[in-house]
Amino acid sequence: MDNTAAVAHPREAVGLEEHTEHTFLPQHRHHFETEAQQREAGTFGMWLFLLTEIMFFGGLFFAYLLYRNWYYPAFAVASNQLSVPLGGANTVILITSGFCMALGVWAAEVRNKGFLVIMLILTTFFGLCFLGVKYVEYHEKWEKHHIPGPSFDISEFVNPAAHGITNEKPLPVDAAERTQVFFSLYFAMTGMHAVHMIIGICLLFWLTHRAYRGDFTTGYVAPIENFGLYWHFVDIVWLFLFPLLYLINRHPLH
Amino acid sequence: MSDKQAPANITDPEHEEHHIVTPFQYLLVFATLLVGTGLTVLAAYFDMGPLNPIIALFIASFKAVVVILFFMHVYFQSRLIKMTVAAGFFTFLVLITMTLSDYISRAWGLW
């Protein structure tokens, strides 16, 4: 044995040996052999959760695919009522938020507490900006009575010229009623996405508080990293929602 | 005592090394995503007939793959994580294909 302390103080030596066998991190659970194994198990679990989320949003995307084929003219006209500049701006805002989150993960890895807190605050800020733009869009739909239900107003689709819309052909009444299916899916999909954003922002408040306390800059990155996975997943959902809801119906086939 | 033995259940040397993605790499991903967003908006204003949704979905998928590989670190993860992610997307595609083939083969166009 090269450790002289072990000879002089056997009880301390046992303590030292325990110390080198296990990781120094207090958050390292004893049922994992190494920190790397614990980390991979956490990532694996997070991805399993995200896969159930893919199935959940996938169901909504499938409904959209099907009904868009069934009620194509109504979907094209209703989709064109959405604002591409607002949707595009929101895409950029959300990508920026994701970029800040990614930098936050890096800050936690290199144990830079100040930068981590700033990045988490910026992630929250851009997330709130996204929801703000979404509010403006929802509010417009509310004012135009484009929320499905008893007070839904089809006049803009039956008689677009009267509403100053010159590039759309009028729809027959039954087809115009189908625009409610589009708006139902629009609110269901963007609404569920927004719910995920709101949950994420609530978690961000808690994570920012803990990051400020210094919980994640001593080698314990898992909560930041796994939250990052969640936040990027929510980004990805929007990356598909934006073209499908706002963009692909600009040039209807018939 | 000083040279620590690798635990018996870790057979993959990939597990031992932890990769940290640098801010510069994140910046490249961010720029790619912004360019992709610009392109998809631009493409929407050109009438390309049936190609419009295809191009939009292709760009969206490309952006999603970039996010998954780099923002979500899958590119640097172990095979277990890569297989998990790939299996999830594959299962999703199987479910979509089977459901769609069911709808297409029953009274399509008779609604």
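Throughout, a chain's letter reflects where its sequence line sits, starting with A, and its residues are numbered from 1. The figures here come from the full heavy-atom set of this structure, side chains too, leaving out hydrogens, waters and symmetry mates.
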(request) May I have the step-by-step check of side-chain contact (heavy atoms from CB on, under 4.5 Å) for A:F62 and B:Y103, ending in yes or no? (result) CA-CA 11 Å; A:F62 184 83; B:Y103 273 103; 3.7 Å; yes

(request) Go through the steps to decide whether A:W47 and B:M72 satisfy the test side-chain contact (heavy atoms from CB on, under 4.5 Å), and finish with yes or no. (result) CA-CA 10 Å; A:W47 268 107; B:M72 299 171 94; 3.6 Å; yes

For residues 47-56 of chain B, which side-chain donor-acceptor pairs fall under 3.5 Å, sequence neighbours excluded?
unit_1 : atom_1 : unit_2 : atom_2 : d
B:D47  : OD1    : B:G49  : N      : 3.1
B:N52  : OD1    : B:M48  : N      : 2.7
B:N52  : ND2    : B:A43  : O      : 3.4
B:N52  : ND2    : B:F46  : O      : 3.0

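Across every non-hydrogen atom of A:P243 and B:T40, the tightest pair is CB-OG1, 4.4 Å. The shortest heavy-atom contact between A:L51 and B:V85 is CD2-O, 4.3 Å. For the residue pair B:V41 and A:V84, the shortest heavy atom distance occurs at CG1-CG1, 4.1 Å.
Options A:R39, A:R250, A:E225 differ in how many heavy-atom pairs under 4.5 Å they form with chain B, and the most are formed by A:R39. Taking chain B as the reference chain and counting heavy-atom pairs below 4.5 Å, the highest number among A:V110, A:I54, A:I95, A:L48 is found for A:I95. For the set A:D235, A:L50, A:L66, A:L103, the entry with the most heavy-atom pairs within less than 4.5 Å of chain B is A:L66. Among B:T91, B:T84, B:V74, B:V21, the residue making the largest number of heavy-atom pairs under 4.5 Å with chain A is B:T84.
Contacts of A:I236 with chain B are made by side-chain atoms alone, with heavy-atom separations under 4.5 Å and no backbone atom involved. Neither the backbone nor the side chain of B:V29 comes within less than 4.5 Å of any heavy atom of chain A. When heavy atoms are compared at a cutoff of 4.5 Å, A:V221 does not approach chain B at all. For chain A, the nearby parts of B:L100 are the backbone and the side chain; heavy atoms of each come within less than 4.5 Å. Residue A:F61 does not touch chain B at all, counting heavy-atom pairs closer than 4.5 Å.
Within a 6.0 Å sphere centred on CZ of B:F92, heavy atoms belonging to other residues, nucleotides or ligands number more than 12.
With rounding to the nearest 0.5 angstrom, the CH2 atom of A:W106 is 9.0 Å from the OG1 atom of B:T22. Going from atom CE of A:M46 over to atom CD1 of B:I81 covers 12.0 Å, rounded to the nearest 0.5 Å. In this structure, the separation between CG on A:L94 and CG on B:L33 is 10.5 Å, given to the nearest 0.5 Å. Going from atom OG of B:S78 over to atom CZ of A:F44 covers 9.5 Å, rounded to the nearest 0.5 Å. In this structure, CD1 on B:I59 lies 11.5 Å from CZ on A:F240, to the nearest 0.5 angstrom. The CG atom of B:L57 sits 12.0 Å away from the CG atom of A:L239 when rounded to the nearest 0.5 Å.
For residues 91-101 of chain A, every residue pair satisfying the side chain to side chain donor-acceptor pair (under 3.5 Å) rule, not counting sequence neighbours, is listed here: A:T91-A:W238, A:S97-A:W231.
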